[in-house]
Amino acid sequence: RADTPAPKQMAKHVTECRRVKMTDFFTRLAVAIGLGLAAAPAAAQGVFTPPDGCTAFLTVQSRSCTVSHYWTCEADPQGTHWRLTMDEEGPAGLSYSDAEFRWLLQYGLRLGTTSSLIEPEEDPASITELFATGTDTMVFSTLTTGPGIQPIQRDYTGFDSLTGEVVTIDGHELERTEFRYEYDIGIGPRIVQGNQYVSREWRLFFGGEEIVTAPDGSEHEFTLSPPV
């Protein structure tokens, strides 16, 4: 369920800043880094500074050379967080999730797309349920819009379950999960399944190994840098 690479290394960075509205920050961020103009010098130096009014709490670096920066903001609802993902070409995606790890907003910075959760969901994703029972099911939809494209609704069904395996990275425990979800892409279902990692400490998912099955039955395997 996570589109975040699993961590090779984790580090906490705490920065106290002034209060601002995240909408103001995102407007500046999307315009600037979507054009590759902002954050590039900082990324080159291995430095990330969250927007004013926000506190960075985690940086995840994967073996596939992607880096994700996480932060929370005073003006946002409690339990929500932002994540900026960067690769060798610069910033790629910005996402906003809540304490249950529901996909509230996802921004494709290079194509200018916005994917938003359609509420209320039939069966909302719940990381609380996963931790309490070992399994969580979900049925929800997202709406994607962007320049030059018709709005696209994706209807997801899936589950997460704990396998009982625990790994430790930089002193932080991550639990291995099994997951599966699917959604129709107009010519049939696209199925994504495999293993990920979840943190009780941060209430976050991290990527692992997955297999994507296309409507024609072809399969593509991805290893999103699981921790070892």
Side-chain angles (χ1 to χ4, degrees), residues 1-10 58-70 83-95 97 101-103 106-111 113 115 117 123 125 127 130-131 134-142 144 149 152-170 172-200 202-228:
R1 191 155 62 87
D3 57 352
T4 306
K8 174 183 179 183
Q9 162 178 333
M10 297 182 177
L58 179 66
T59 294
V60 176
Q61 179 178 354
S62 78
R63 294 178 179 174
S64 58
C65 298
T66 59
V67 175
S68 294
H69 299 289
Y70 296 81
R83 174 175 56 84
L84 174 66
T85 300
M86 308 174 68
D87 59 21
E88 63 274 13
E89 297 180 1
L94 178 69
S95 64
S97 302
F101 211 85
R102 295 158 65 229
W103 299 346
Q106 298 183 78
Y107 300 97
L109 298 178
R110 291 172 186 164
L111 297 179
T113 58
S115 179
L117 182 67
D123 181 7
I127 200 171
L130 176 64
F131 290 149
T135 301
D136 177 50
T137 59
M138 63 207 72
V139 181
F140 65 93
S141 300
T142 62
T144 300
I149 66 171
I152 301 171
Q153 179 171 322
R154 299 294 194 205
D155 302 316
Y156 294 85
T157 60
F159 74 89
D160 294 302
S161 64
L162 300 176
T163 66
E165 179 183 352
V166 177
V167 298
T168 301
I169 305 294
D170 286 353
H172 301 279
E173 288 190 350
L174 301 179
E175 298 179 51
R176 186 177 173 89
T177 72
E178 178 184 358
F179 79 96
R180 184 185 190 277
Y181 66 85
E182 66 177 76
Y183 57 95
D184 194 282
I185 60 174
I187 57 174
R190 184 175 187 261
I191 302 170
V192 184
Q193 57 190 328
N195 299 99
Q196 295 177 339
Y197 298 86
V198 64
S199 166
R200 291 179 186 259
W202 292 306
R203 299 180 68 87
L204 299 176
F205 283 88
F206 303 100
E209 310 90 354
E210 64 182 48
I211 298 175
V212 178
T213 304
D216 63 4
S218 60
E219 294 186 346
H220 305 276
E221 296 186 15
F222 298 91
T223 300
L224 302 176
S225 306
V228 295

Evaluate whether atom CD of Glu88 has more than 12 neighbouring non-hydrogen atoms of other residues, nucleotides or ligands under 6.0 angstrom away. yes
In short, Val212 meets Glu210 closest at the heavy-atom pair CG2-OE2, 3.9 Å
Output all residues satisfying side-chain hydrogen bond (donor to acceptor under 3.5 Å, both in side chains) with Tyr183, sequence neighbours left out; order by chain, then residue number. Arg190
Kindly indicate, with the supporting measurements, whether the criterion side chain to side chain contact (heavy atoms under 4.5 Å, CB included) is fulfilled by Ile187 and Ile185. CA-CA 6 Å; Ile187 57 174; Ile185 60 174; 4.0 Å; yes
Measure the CD-NE2 distance between Gln61 and His69 for me, rounded to the nearest 0.5 Å. 9.5 Å
Residues passing the salt bridge (charged side-chain N to carboxylate O under 4.0 Å, His left out) test with Glu182, sequence neighbours excluded, are Arg180
Identified side-chain contact (heavy atoms from CB on, under 4.5 Å) partner of Ser68 from the options Thr85, Leu204, Thr59: Thr85
Nearest 0.5 Å please: distance from the CG atom of Leu117 over to the OH atom of Tyr156. 10.5 Å
Any side-chain heavy atom of Asp160 sitting closer than 4.5 Å to one from Met138? yes
In terms of side-chain heavy atoms, does Thr142 have a donor or acceptor partner in Arg154 at a distance below 3.5 Å? no
Side chains of Phe131 and Asp136: does their closest heavy-atom pair fall under 4.5 Å? no
State which residue, out of Phe140, Phe205, Phe179, fulfils the ring pair (Phe, Tyr, Trp, His ring centres under 6.0 Å) condition with Phe101. Phe205
Kindly give the heavy-atom pair with the smallest separation between Leu130 and Ser161, and that separation in Å. CD1-CA, 3.8 Å
Rounded to the nearest 0.5 Å, what separates atom OG1 in Thr157 from atom OH in Tyr181? 11.0 Å
Only counting residues at least two apart or in another chain, list the ones meeting salt bridge (charged side-chain N to carboxylate O under 4.0 Å, His left out) with Glu89. Arg110
Less than 4.0 Å between a side-chain N and a carboxylate O, is that true for Glu173 and Arg200? no
From CD1 (Ile149) to CG (Leu111), nearest 0.5 Å: 8.0 Å
Can you name the side-chain contact (heavy atoms from CB on, under 4.5 Å) partners of Gln153, sequence neighbours left out? Ile118, Ser141, Leu143, Asp155
Pairwise distance OG1(Thr113) to CD(Gln106) - rounded to 0.5 angstrom: 9.0 Å
By salt bridge (charged side-chain N to carboxylate O under 4.0 Å, His left out), Arg102 pairs with (sequence neighbours left out) Asp98, Glu119, Glu121
Do you know which two heavy atoms are closest between Ala92 and Asp87, and how far apart they sit? CB-OD2, 4.4 Å
Please verify the inter-ring angle class for Tyr70 with Phe206; under 30° counts as parallel, over 60° as perpendicular, anything in between as tilted. perpendicular
So, using salt bridge (charged side-chain N to carboxylate O under 4.0 Å, His left out) as the criterion, who are the partners of Glu178 when residues are at least two apart? none
